Amino acid sequence: ANKDVNALPNTPTTQSRLAHRASMLALRQNFDNLFDELLALEPLPAGAPRAAAHAPTMALDLSEDEKAFKIHVDLPGVPKEAVTIDVTQKGALVIKAERKSMTEEKDETTHYHRVERSYGAVQRSVRLPDTANLEAVQASMDQGVLEILVEKREPPTKMKRIAIA
């Protein structure tokens, strides 16, 4: 199924097919990301707004080398005490964080004219391959950047033969 692109003839039809395939793969990745995020969300508390103009976000980078998977998450203004990382039974990391609103701390003499910074709770779910050793996860946070290291392991065997007695 995976053909060497250089071995294909360089024709308009081939170029069109390759472009179509690339756009379909990008669309699939977008849907995968959307469903990963939707499935990781918890129900909103009663009375909470469904959407906010400045909803908090959690941008992350996922990379790997020969020894580990590395996740870097931007969490500006969030103290490490307000961050949790959980491992699900399905092999995903769930990262939760909450940034408190500065307007909650105002006194009677403070009047805000504009509030553009986002605040509130945010959550992301990251599924890792079978080679991720979710028993060996390390996390640290420095200057608003959360770094998570997940060691690699040998992939589990897909099939196990059972002896018949």
Side-chain angles (χ1 to χ4, degrees), residues 1-46 48 50-51 55-76 78-99 118 120-165:
N2 290 338
K3 295 181 180 180
D4 182 13
V5 174
N6 295 326
L8 296 174
N10 189 11
T11 66
T13 302
T14 302
Q15 291 174 356
S16 174
R17 286 182 181 164
L18 290 173
H20 177 72
R21 180 182 170 127
S23 66
M24 293 305 291
L25 289 172
L27 179 64
R28 179 179 177 186
Q29 183 64 46
N30 287 339
F31 271 105
D32 287 347
N33 292 342
L34 174 69
F35 282 104
D36 282 347
E37 290 181 29
L38 287 176
L39 293 174
L41 294 177
E42 295 178 350
L44 291 173
R50 296 309 264 172
T57 61
M58 185 184 301
L60 64 81
D61 296 333
L62 172 61
S63 62
E64 71 176 290
D65 59 24
E66 63 278 351
K67 295 181 181 180
F69 294 95
K70 297 176 185 176
I71 302 168
H72 290 92
V73 184
D74 284 344
L75 296 169
V78 178
K80 69 179 182 178
E81 296 79 20
V83 179
T84 61
I85 304 166
D86 298 310
V87 178
T88 69
Q89 291 179 343
K90 294 185 178 183
L93 291 177
V94 178
I95 306 160
K96 297 178 187 177
E98 184 171 6
R99 181 174 172 185
S118 62
V122 65
Q123 175 174 310
R124 289 286 300 266
S125 176
V126 180
R127 277 202 197 102
L128 295 172
D130 290 342
T131 55
N133 182 0
L134 295 176
E135 300 297 322
V137 179
Q138 299 174 13
S140 62
M141 193 160 174
D142 185 37
Q143 297 184 3
V145 178
L146 174 66
E147 179 180 65
I148 304 170
L149 295 173
V150 182
E151 292 179 14
K152 287 186 174 181
R153 65 177 178 176
E154 290 296 319
T157 57
K158 301 254 182 208
M159 185 171 28
K160 179 180 177 184
R161 181 157 291 175
I162 307 298
I164 301 172

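Just so it is clear, the model here is predicted, and its values are computed rather than measured.
With a 4.5 Å cut-off on side-chain heavy atoms, V145 and D74 count as touching. For the pair R124 and V73, the minimum side-chain heavy-atom distance is 4.5 Å or more.
The two residues L134 and V137 come nearest to each other via the heavy atoms O-CG2, 3.6 Å. Closest non-hydrogen pair, I148 versus L93, comes out as CG2-CD1, 4.1 Å. A pairwise comparison of heavy atoms in A139 and L146 identifies CB-CD1, 4.4 Å as the closest pair. Closest approach of L75 to M58, counting heavy atoms only: CD2-CG, 3.9 Å.
Sequence neighbours left out, the pairs with a member in residues 132-154 that pass salt bridge (Lys or Arg N to Asp or Glu O under 4.0 Å) are E64-K152.
P155 is linked by a side-chain contact (heavy atoms from CB on, under 4.5 Å) to T131, counting only residues two or more places apart in sequence or in another chain. Taking K70 as the reference, D65 meet the salt bridge (charged side-chain N to carboxylate O under 4.0 Å, His left out) condition, with sequence neighbours excluded. P79 pairs by the side-chain contact (heavy atoms from CB on, under 4.5 Å) definition with E81, A82, not counting sequence neighbours.
In this structure, the separation between CD on Q138 and CD1 on I85 is 11.0 Å, given to the nearest 0.5 Å. Atom CG of L149 and atom CG of N133 lie 12.5 Å apart (nearest 0.5 Å). Note: M159 CE to R161 CZ = 6.5 Å, rounded to the nearest 0.5 Å.
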